[in-house]
Amino acid sequence: MAGKKLVPSSGRAGSAIRAAQWALPLLAAGARWLSGHPEVWEQVKEQAARLQKPSTSTPDGVLTTAGILREQVDYLRDSADDDEEARRAQDWTKRLDSCERAAQLLKAPGATRKDRKALRTRVEALRSEIFAAYIEEMGEDAADGPAM
């Protein structure tokens, strides 16, 4: 019983809990600078809401999530301050391409639950990484001047 997950895996409760698992720690970490930049806070809340809506347990949800993440990666690439940030954005673009190809393949008959779960895990990890970098970059840009 100690190792059993008590998180609902589907429905609204499951969606809310999964969103809280990745979004709340990131928002809490950014709360310090977010409080000083309310215009950025609104953009971050909007992006978090957009990322919460699609379910990453379906291929179509993965494709929707990847599209939203791609917009954030484009922002990160365009506002990269050094070669390392640009390289990370390029790496995320490649990983999103891979996830999108996998989601298209999982639409075909015969796709297994295990394959869908593996893709969901990959996309949720990417979502956390990219959204954290997005929040950080928004904060840096807000501190440097007007938000984009």
Side-chain angles (χ1 to χ4, degrees), residues 5 7-34 37 39-148:
K5 252 181 156 176
V7 177
S9 60
S10 63
R12 284 188 159 202
S15 264
I17 290 171
R18 281 192 302 279
Q21 287 174 331
W22 65 267
L24 290 179
L26 300 175
L27 295 175
R32 181 176 56 242
W33 63 260
L34 284 173
H37 300 284
E39 72 284 359
V40 174
W41 172 240
E42 289 304 315
Q43 291 174 323
V44 168
K45 281 192 325 187
E46 177 187 319
Q47 289 296 313
R50 287 181 67 208
L51 282 170
Q52 179 190 356
K53 286 180 185 175
S55 169
T56 55
S57 60
T58 67
D60 288 331
V62 166
L63 292 170
T64 301
T65 300
I68 296 165
L69 292 173
R70 192 171 296 283
E71 292 171 14
Q72 293 176 2
V73 169
D74 289 346
Y75 173 83
L76 291 166
R77 184 195 62 237
D78 293 344
S79 63
D81 300 325
D82 57 35
D83 290 339
E84 175 61 24
E85 287 182 5
R87 187 200 56 74
R88 279 193 323 165
Q90 184 178 22
D91 178 57
W92 283 325
T93 298
K94 289 177 184 176
R95 291 167 62 191
L96 287 170
D97 290 345
S98 173
C99 289
E100 287 173 331
R101 285 191 301 274
Q104 291 294 346
L105 290 172
L106 289 178
K107 286 183 167 188
T112 67
R113 176 180 280 171
K114 181 180 177 182
D115 292 336
R116 286 191 302 271
K117 184 177 180 180
L119 179 59
R120 182 179 74 216
T121 301
R122 285 175 45 202
V123 170
E124 288 177 357
L126 265 174
R127 178 175 57 190
S128 293
E129 287 177 41
I130 294 169
F131 192 57
Y134 177 79
I135 292 171
E136 183 178 338
E137 190 65 30
M138 291 286 290
E140 289 175 8
D141 290 348
D144 292 343
M148 295 185 153

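Note that this is a predicted model, so its numbers are computed, not measured.
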- request: Compare all side-chain heavy atoms of Ile68 with those of Lys53 and state whether any distance is below 4.5 angstrom.
  value: no

- prompt: Salt-bridged, Glu85 to Arg88, with N to O below 4.0 Å?
  reply: no

task: Could you give me the CA-CA distance, side-chain angles and deciding distance for Val44 and Phe131, then say whether side chain to side chain contact (heavy atoms under 4.5 Å, CB included) is met?
output: CA-CA 9 Å; Val44 168; Phe131 192 57; 4.0 Å; yes

field: For Pro59 against Ala103, the heavy-atom pair lying closest together
entry: CB-O, 3.3 Å

query: Rounded to the nearest 0.5 Å, how far apart are CD of Gln72 and CG of Leu126?
result: 11.0 Å

query: Around Lys117, counting heavy atoms of other residues, nucleotides and ligands shown, do more than 12 lie under 6.0 Å from its NZ?
result: no

query: Would you call Gln47 and Met138 a side-chain contact if the rule is heavy atoms closer than 4.5 Å?
result: no

message: If I compare all heavy atoms of Ala86 with all of Ala80, which pair ends up nearest, and what's the gap?
response: N-CB, 3.7 Å

- request: Would you check if Glu137 and Asp81 make a side-chain contact, meaning some heavy-atom pair closer than 4.5 Å?
  value: yes

- prompt: Can you tell me how far OG1 of Thr65 sits from CZ of Arg70, rounded to the nearest 0.5 angstrom?
  reply: 12.5 Å

- prompt: Taking everything shown except Asp82 itself, do over 12 heavy atoms lie less than 6.0 Å from its CG?
  reply: yes

Pairwise distance CZ(Arg127) to CD(Gln52) - rounded to 0.5 angstrom: 9.0 Å

- prompt: Is the closest basic N to carboxylate O distance between Arg95 and Asp91 below 4.0 Å?
  reply: yes

query: Any side-chain heavy atom of Asp141 sitting closer than 4.5 Å to one from Tyr75?
result: yes

- prompt: Step by step, would you call Lys107 with Asp60 a side chain to side chain contact (heavy atoms under 4.5 Å, CB included)?
  reply: CA-CA 8 Å; Lys107 286 183 167 188; Asp60 288 331; 2.8 Å; yes

statement: Here the gap from Cys99 atom SG to Glu124 atom CD, rounded to the nearest 0.5 Å, amounts to 11.0 Å

- prompt: If you take all heavy atoms of Ser57 and Arg116, which pair is closest and at what distance?
  reply: O-CD, 4.0 Å

query: Does some side-chain heavy atom of Arg120 sit less than 4.5 Å from a side-chain heavy atom of Val62?
result: no

message: Ignoring hydrogens and geometry beyond distance, is a side-chain donor-acceptor pair present between Ser98 and Arg122 at under 3.5 Å?
response: yes

query: How many angstroms lie between atom CG of Leu105 and atom CG of Leu119, to the nearest 0.5 angstrom?
result: 10.0 Å

query: Are Ile130 and Glu71 side-chain neighbours, meaning at least one heavy-atom pair lies under 4.5 Å?
result: no

- request: Determine, for Arg77 against Asp74, whether the closest basic-nitrogen to carboxylate-oxygen distance falls under 4.0 angstrom.
  value: yes

